[in-house]
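The structure under discussion appears below in the form of structure tokens.
Only a predicted model underlies this, so the values are computations on that prediction, with no experimental measurement involved. Atoms within each ligand, like the ligands themselves, are counted from 1 in listed order.
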Amino acid sequence: MVIFKHIKDLQQYLKSQSHPIGFVPTMGALHAGHISLLGTAKQAGNLTVCSIFVNPTQFNDKEDFEKYPVTIDEDIELLLNAGCDVLFLPSVAEVYPAGFTETRAYDFGYLETILEGAQRPGHFRGVGQVVGRLLEAVQPQYLYMGQKDYQQCMVVKKLLELMELDKAIRLVIGNTVREADGLAMSSRNRRLNDAQRIVASTIYQCLVSIQGKQDASFPVAQQQCLDILTDKGFIPEYVSLADAKTLELLPQYSSGRKMVALIAAKLGPVRLIDNMLLN
Ligand code: AMP
């Protein structure tokens, strides 16, 4: 695996390679979810490029940014074992040479106003900034992202359109990798204490219950989930049902549509999100 810190060196190296480039952007503290995206990229015959960059502009919560886990030595070990070809490890100055405010801002419209967009003002603008910049640096043919961040996948799909890269880059969405008890793997799970870790899978159980109650009333299922989460010590932010294609929020189950259930809740200092396709 070759490691680059500078865009110019990375680009010079990538120019000399003949395989298509499969890109997996991450914020590090890698786990099996990240590695599965890399595995999919590798299996497809790509030259795999993983980036690790904790992007300051997508954090609306200062403490979340400051406490975001950084485990670079372990990450490199995992990437070596997974057969990653290139690791891009830029500094903040490399990604934002003109400072945070001077980079291009993309408008994601409706997607910025709901769920993660509503709960984390400015978050998707930051995601757009960093993914845009990384795509310009890596210039991949394939971009691999996880369904775990469902709304982010939709934002990035829109970003590709806004950047007029939707023909040049194919977005491939990987399934959510889970722990044995159903908890979606996440770098932030490392910040849970033992007691919190045990109850953390309640979010997954709630999604399963929403999926299993499609003959009943969604508001009832939603309220049950909110009650269970609160009982177990979470502060729920949303338990929502949406159209899987447009993310239009749905007040009720709708048998004719593909739907997704989405949950965000805080457990102690850690904010967790997860989702499940229903049909
Ligand atoms: P992050 O490092 O959290 O920014 O995530 C980097 C990429 O990995 C994003 O595309 C995430 O959606 C994806 N990802 C995070 N967790 C998982 C998971 N449990 N399963 C699959 N992909 C994931």
Side-chain angles (χ1 to χ4, degrees), residues 22-43 46 48-61 64-65 67-72 74-76 78-79 82 84 87-90 92 95 111 115-117 120 123-135 138 140 142-160 169-192 197 200-201 203-204 207 247 260 262-264 270-277:
F23 179 38
V24 183
T26 81
M27 297 206 297
L30 300 183
H31 50 67
H34 299 114
I35 299 302
S36 85
L37 294 176
L38 199 75
T40 310
K42 252 195 116 52
Q43 266 176 9
N46 293 298
T48 49
V49 178
C50 176
S51 65
I52 295 180
F53 179 66
V54 184
N55 174 36
T57 70
Q58 73 186 70
F59 285 85
N60 55 315
D61 176 344
D64 188 28
F65 176 58
K67 300 246 169 91
Y68 200 84
V70 176
T71 59
I72 195 66
E74 286 170 43
D75 291 351
I76 290 175
L78 276 175
L79 291 172
C84 179
L87 170 58
F88 181 41
L89 208 51
V92 170
V95 175
L111 287 174
L115 305 169
E116 291 302 282
R120 304 183 67 189
H123 168 63
F124 287 130
R125 292 286 169 124
V127 169
Q129 263 188 337
V130 77
V131 176
R133 178 83 174 132
L134 290 171
L135 291 178
V138 178
Y142 297 92
L143 172 62
Y144 293 85
M145 305 200 84
Q147 190 202 308
K148 156 82 170 35
D149 298 283
Y150 195 92
Q151 194 173 359
Q152 174 172 272
C153 288
M154 297 185 70
V155 163
V156 169
K157 186 167 179 280
K158 177 122 192 204
L159 174 72
L160 292 176
I169 302 178
R170 189 165 151 231
L171 176 63
V172 182
I173 297 173
N175 291 336
T176 303
V177 177
R178 299 180 180 282
E179 302 285 359
D181 64 355
L183 174 66
M185 290 196 182
S186 165
S187 305
R188 289 184 176 87
N189 293 351
R190 293 172 188 253
R191 294 185 55 210
L192 297 170
R197 172 62 193 85
S201 62
I203 292 181
Y204 171 73
L207 289 168
L247 226 54
V260 59
L262 308 103
I263 295 181
V270 186
R271 189 174 180 279
L272 299 171
I273 61 168
D274 199 355
N275 66 81
M276 191 172 282
L277 287 165

Using heavy atoms and a 4.0 Å limit, tell me yes or no: is Asn175 in contact with ligand 1?
yes
With a 4.0 Å cut-off on heavy atoms, is Pro25 in contact with ligand 1?
yes
Would you mind telling me if ligand 1 is within reach of the side chain of Arg178, the backbone, both or neither, using heavy atoms under 4.0 Å?
neither
Starting from atom 1 (P) of ligand 1, find the nearest protein heavy-atom neighbour and note its residue, name and distance.
His34 NE2, 3.6 Å
Could an N or O of ligand 1 be found under 3.5 Å from any N or O of Asp149, whether backbone or side chain?
yes
In the protein, what heavy atom is nearest to atom 20 (N) of ligand 1, and what distance, to one decimal place, separates them?
Val177 N, 2.9 Å
Quick check for you: to the nearest 0.5 Å, what is the distance between Leu115 atom CG and Phe124 atom CZ?
8.5 Å
Just how far is it from atom CZ of Arg120 to atom CD of Gln151, taken to the nearest 0.5 Å?
10.5 Å
Per-residue contact class, Met27 against ligand 1 - non-hydrogen pairs under 4.0 Å
both
Is Gln147 near ligand 1, meaning one of its heavy atoms is under 4.0 Å from it?
no
Using a 4.0 Å heavy-atom cut-off, which part of Met145 comes near ligand 1: side chain, backbone, both, or neither?
both
Any nitrogen or oxygen of Tyr144, side chain or backbone, less than 3.5 Å from one on ligand 1?
no
Measuring only between side-chain heavy atoms, which start at C-beta, is Gln58 closer than 4.5 Å to Val131?
no
Would Met185 count as a polar contact of ligand 1, with the cut-off being nitrogen or oxygen pairs under 3.5 Å?
yes
Just checking, any donor-acceptor pair under 3.5 angstrom between side chains of Thr48 and Asn46?
no
among protein heavy atoms, the one nearest atom 22 (N) of ligand 1 is Gly146 CA, 3.6 Å
Can you measure from CD1 (Ile173) to NZ (Lys148) and round to the nearest 0.5 angstrom?
14.5 Å
Partner of Leu30 under side chain to side chain contact (heavy atoms under 4.5 Å, CB included), picked from Ile76, Ile72, Ile52, is Ile52
Near Asp61 CG, under 6.0 Å, is it more than 12 heavy atoms from other residues, nucleotides or ligands?
yes
Would you say NZ of Lys157 has more than 12 non-hydrogen atoms from neighbouring residues, nucleotides or ligands within 6.0 angstrom?
no
